[in-house]
Visitor: 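One structure, as structure tokens, below. Some questions next.
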2 protein chains.
Amino acid sequence: MERMERPVKAVNRAVNDLGGYIRAQRATAQISLRQLAKRAGVSNPYLSQVERGLRKPSAEILQQIANALRISAEALYVRAGILESRPGGPVVDAILADTELNDRQKQVLLDVYTSFRGENAASGAVPVRDPEPRDEPESRESRDGTAVHEAVRSESEE
Amino acid sequence: MERMERPVKAVNRAVNDLGGYIRAQRATAQISLRQLAKRAGVSNPYLSQVERGLRKPSAEILQQIANALRISAEALYVRAGILESRPGGPVVDAILADTELNDRQKQVLLDVYTSFRGENAASGAVPVRDPEPRDEPESRESRDGTAVHEAVRSESEE
DNA sequence: CAGCGTTGCTAACTATTGCAAGCACATTGC
DNA sequence: GCAATGTGCTTGCAATAGTTAGCAACGCTG
């Protein structure tokens, strides 16, 4: 049933592989393309095209797909090129942008954060992963986090 | 030159008024619709339609407009319904999602962050705002923050 | 085996985005 | 006054997103 795919639109086959990512998440969830399409409220042929990189879905469609897959829409946005991660990382940026903190507090938080990060790098220890509040298996979540970081680096190089 | 606008698509006239926001930002920047369109790399009739809520621009167009206005694309995404703010806030979410921190470190950071926020709330002091790295006047930035929160609530009710 | 259901995909179609050509009006300088 | 230029908008159209109808292949069951 699996057909050989021709090389179509190499751009969509780059590191930032939205379609491949959606397909992988769907496989992990062990649901068919039609089931996902139904849950997401999109047509199954269209989802097929998206997965194969033949179409570029809107943010609205990405949101629907993300919801159906129980993953963050941001993960899809980043791969679709709608969102970029920031060079300082999400935590640094969020702290700097918080209008309810003064400069001193921001600096303290950043220092603590940086020392924690340095602590982990020095020990080489794999941090204990906490279960995410979402109803997702841990394996899927950690893959998501890792993939986001990889996508960030490849985009910075562009 | 200002013509009376008919009530068009009341949905686009809601709290989440993307077009009105773009027009306001443009007015603040004191540039004409054509100048902004040129800077953004979009057609001026289309920008006109976007401002009047007649069209729903893609994320790509929003990004171009944001860049031309020297504002964050996220600000436009939120108003376009592409992004939502999170209930825990960006800092809490970023910390929880950081795969390079272990549970203990996350908890410590969250405790510090929470105590800082409580500290400010108890004293009622207006935290000293650090100048945003962007070239935006403070008045505009605070207005943006307020509007984001309002937009979130209206979307939750849907 | 035949029948049925599921699967992912093709092709034609509809809906919408975004653009080009052009309009009416306002402003500026001679 | 006039011509030149600037302004925001209208209209028609091309391109693309997204859907519908249907196909071929596969797996399961009696």
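Just so we're on the same page: letters track the sequence lines, and every chain starts at 1.
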Visitor: Considering residues at least two apart in sequence or located in another chain, which fulfil the salt bridge (charged side-chain N to carboxylate O under 4.0 Å, His left out) criterion with B:Arg104?
Guide: A:Glu119
Visitor: Give a yes/no on whether any side-chain N or O of B:Ser48 is located under 4.0 angstrom from OP1 or OP2 of D:dC9.
Guide: yes
Visitor: Take atom NZ of B:Lys56 and atom C1' of D:dG18, then tell me their distance rounded to the nearest Å.
Guide: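 These atoms are roughly 13 Å apart.
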Visitor: A:Glu60 has an atom CD; how far is it from atom P of C:dT17, in whole Å?
Guide: 10 Å
Visitor: With a 3.5 Å cut-off and no angle check, do the side chains of B:Gln63 and B:Asn67 form a donor-acceptor pair?
Guide: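 No, B:Asn67 and B:Gln63 have no side-chain donor paired with an acceptor closer than 3.5 Å.
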Visitor: Nearest-nucleotide wise, let me know which of B:Gln49 and B:Gln35 is further upstream toward the 5' end of DNA chain D.
Guide: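 Whichever sits nearer the 5' end wins; that is B:Gln35.
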Visitor: Find the distance between CD (A:Glu51) and CG (A:Asp17) and round it off to the nearest 0.5 Å.
Guide: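 With rounding to 0.5 Å, CD (A:Glu51) is 10.0 Å from CG (A:Asp17).
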Visitor: Check the distance between D:dA15's P and B:Tyr46's OH and give it to me in whole angstrom.
Guide: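 Distance, rounded to whole Å: 17 Å.
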Visitor: What is the separation between atom CG on A:Leu33 and atom P on C:dG5, rounded to the nearest whole Å?
Guide: 20 Å
Visitor: I need the CZ-P distance between A:Arg34 and D:dA25, as an integer number of Å.
Guide: 16 Å
Visitor: Tell me whether the side-chain N/O atoms of A:Ser32 come closer than 4.0 Å to OP1 or OP2 in C:dT7.
Guide: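 So the side chain of A:Ser32 is within the cut-off, an N or O lying under 4.0 Å from OP1 or OP2 of C:dT7.
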Visitor: Any salt bridge between B:Glu60 and A:Lys56, counting N to O under 4.0 Å?
Guide: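 Here B:Glu60 pairs with A:Lys56 in a salt bridge, since their nearest N and O are under 4.0 Å apart.
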Visitor: Is there a side-chain contact between B:Arg55 and the phosphate of C:dT16, meaning an N or O under 4.0 Å from OP1 or OP2?
Guide: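 Negative; the distance criterion is not met.
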Visitor: Under 4.0 Å between a side-chain N/O of B:Ser58 and OP1 or OP2 of C:dG18, yes or no?
Guide: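 Indeed, a polar side-chain atom of B:Ser58 lies that close.
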Visitor: Rounded to the nearest Å, what distance is computed from the CG atom of residue B:Leu54 to the C1' atom of nucleotide D:dC9?
Guide: 10 Å
Visitor: Take B:Pro45 and B:Ile61, find for each the nucleotide of DNA chain C with the closest heavy atom, and name the residue whose nucleotide sits nearer the 5' end.
Guide: B:Ile61
Visitor: Rounding to a whole Å, what distance do you find between A:Ile65:CD1 and D:dG18:P?
Guide: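 Rounded to whole Å, this separation is 9 Å.
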Visitor: Is it true that A:Gln107 and A:Asp111 share a donor-acceptor pair across their side chains at a distance under 3.5 Å?
Guide: yes
Visitor: Heavy atoms under 4.0 Å, any strand shown: does A:Leu47 hit a base, just sugar-phosphate, or nothing?
Guide: nothing
Visitor: Applying a 4.0 Å non-hydrogen cut-off, can you work out what A:Ser43 is touching in the nucleic acid: base, sugar-phosphate, or nothing?
Guide: base
Visitor: Once you round it to whole Å, what is the distance between P of C:dT6 and CG of A:Asn44?
Guide: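 These atoms are roughly 13 Å apart.
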Visitor: Just N and O in the side chain of A:Arg26: are any of them under 4.0 Å from OP1 or OP2 of C:dG8?
Guide: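 Looking at the OP1 and OP2 atoms of C:dG8, one of them is under 4.0 Å from a side-chain N or O of A:Arg26.
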